[in-house]
Amino acid sequence: MDYENEILRTANLLIKEYGEMAPPAALIRADQLSERGDFSGRKVWLRIAQIAEDLLSEHPPAGTSIH
């Protein structure tokens with residue numbers, strides 16, 4: 001499984017667990033990692049937050065299409 005698939009999978013799991021609170025939950029985790037000095041981990045969790053937000057959005061992100 002590649003990196004982006006893992007991020008998508010994690011975002012979906014967060015949505016299943018937290019619903020609409022998934023993006024803020026991912027942002028909290030990103031902040032925790034930043035406080036520990038784990039900036040690469042922070043970057044991953046910021047991406048997870050963005051993907052979760054996109055998945056919960058009623059409108060697809062610009063430049064994407066729904067199949």
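Each residue takes its place number in the sequence, starting with 1.
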Taking S57 for the side chain and E53 for the main chain, is one N or O donor matched with an acceptor at less than 3.5 Å?
-> no
Min side-chain heavy-atom separation Q50-D54 under 4.5 Å = yes
Apply the side-chain contact (heavy atoms from CB on, under 4.5 Å) test between N12 and each candidate in I51, I7, L55; give the one that qualifies.
-> L55
Hey, does L33 have a side-chain heavy atom less than 4.5 Å from the side chain of F39?
-> no
Going from CG on L8 to OH on Y3, what distance comes out if it is rounded to the nearest 0.5 angstrom?
-> 13.0 Å
Heavy-atom check, side chain of L14 versus side chain of W45, under 4.5 Å | yes
Hydrophobic cluster membership, L13 vs I48, 4.5 Å side-chain cutoff = no
Polar side-chain atom of D38 near backbone of S34 as donor-acceptor pair, under 3.5 Å | no
Do R47 and E4 have side chains that get closer than 4.5 Å, going by heavy atoms?
-> yes
